[in-house]
Amino acid sequence: MTADPPPPAPPLPVVIECQRQGGLAFPLRRPAISVEVAGLDAAERQALQRLVQAADLAGQPADYPGPGYPDALETQLTVTWPGHTVRVRFRDGDGHPAPLDELAGWVLRHNRPGQAKK
């Protein structure tokens, strides 16, 4: 008897974007950072795959209802696959799961010269 093969990995997104804004003392609106997945090497794609799966975007509300901190930064993640897009908005201290922060941090760290900025 042979074991069933593992299910195929879900498809990678085509584009992932992160934008941060907010704060009271020093309000800011940073430009959105977009990462084109086609431009990533194999190790970066694997890391992104793990982060997207851990973030469970399909299981997240579009907007976390918690108020966050009074001076909280707001983050909006937009992930686009062929045929659909998911947006999740969350704030510091609103109770969102840590994998969303990890995915947003990955996008922000991958802002490179030549990458698309909006």
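All figures in this text were calculated on a predicted structure; none of them were measured in a lab.
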With a cut-off of 3.5 Å and sequence neighbours excluded, list every side-chain donor-acceptor pair involving residues 95-105.
from: His96; atom 1: ND1; to: Arg91; atom 2: O; distance (Å): 3.3
from: His96; atom 1: ND1; to: Asp94; atom 2: OD1; distance (Å): 2.5
from: His96; atom 1: NE2; to: Asp101; atom 2: OD1; distance (Å): 3.1
from: His96; atom 1: NE2; to: Asp101; atom 2: OD2; distance (Å): 2.9

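Under the 3.5 Å distance criterion, the side-chain polar atoms of Glu17 are left unmatched by any main-chain donor or acceptor of Ala32. A donor-acceptor contact shorter than 3.5 Å is absent between the side chain of Arg89 and the backbone of Pro61.
Not counting sequence neighbours, the partners of Arg20 by the side-chain hydrogen bond (donor to acceptor under 3.5 Å, both in side chains) test are Thr75, Asp92. Take Gln46 and apply the side-chain contact (heavy atoms from CB on, under 4.5 Å) test, not counting sequence neighbours, and it matches Arg50. Checked against side-chain contact (heavy atoms from CB on, under 4.5 Å), Val86 has the following partners two or more places apart in sequence or in another chain: Leu57, Trp81, His84, Val88.
Going from atom CG of Asp63 over to atom CZ of Phe90 covers 11.0 Å, rounded to the nearest 0.5 Å. Separation of atoms CD (Glu74) and CD (Gln21) is listed at 5.0 Å; rounding is to 0.5 Å. How far CD1 of Ile16 is from CG of Leu77: 6.0 Å, rounded to the nearest 0.5 Å. The line from OG of Ser34 to NE2 of His110 is 14.0 Å long, rounded to the nearest 0.5 Å.
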Audit row: Val14, Val37, side-chain contact (heavy atoms from CB on, under 4.5 Å) steps and yes/no: CA-CA 5 Å; Val14 176; Val37 176; 5.8 Å; no

Please test Asp41 against Glu44 for side-chain contact (heavy atoms from CB on, under 4.5 Å), starting from the C-alpha separation and ending with a verdict. CA-CA 5 Å; Asp41 66 29; Glu44 291 172 322; 3.3 Å; yes

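For Arg45, the CZ atom sits in a packed shell: over 12 heavy atoms of surrounding residues, nucleotides or ligands are nearer than 6.0 Å.
A heavy-atom distance below 4.5 Å is not found between the side chains of Pro13 and Thr80.
Between Val35 and the choices Leu48, Val15, Leu108, Leu40, the side-chain contact (heavy atoms from CB on, under 4.5 Å) rule is met once, by Leu40.
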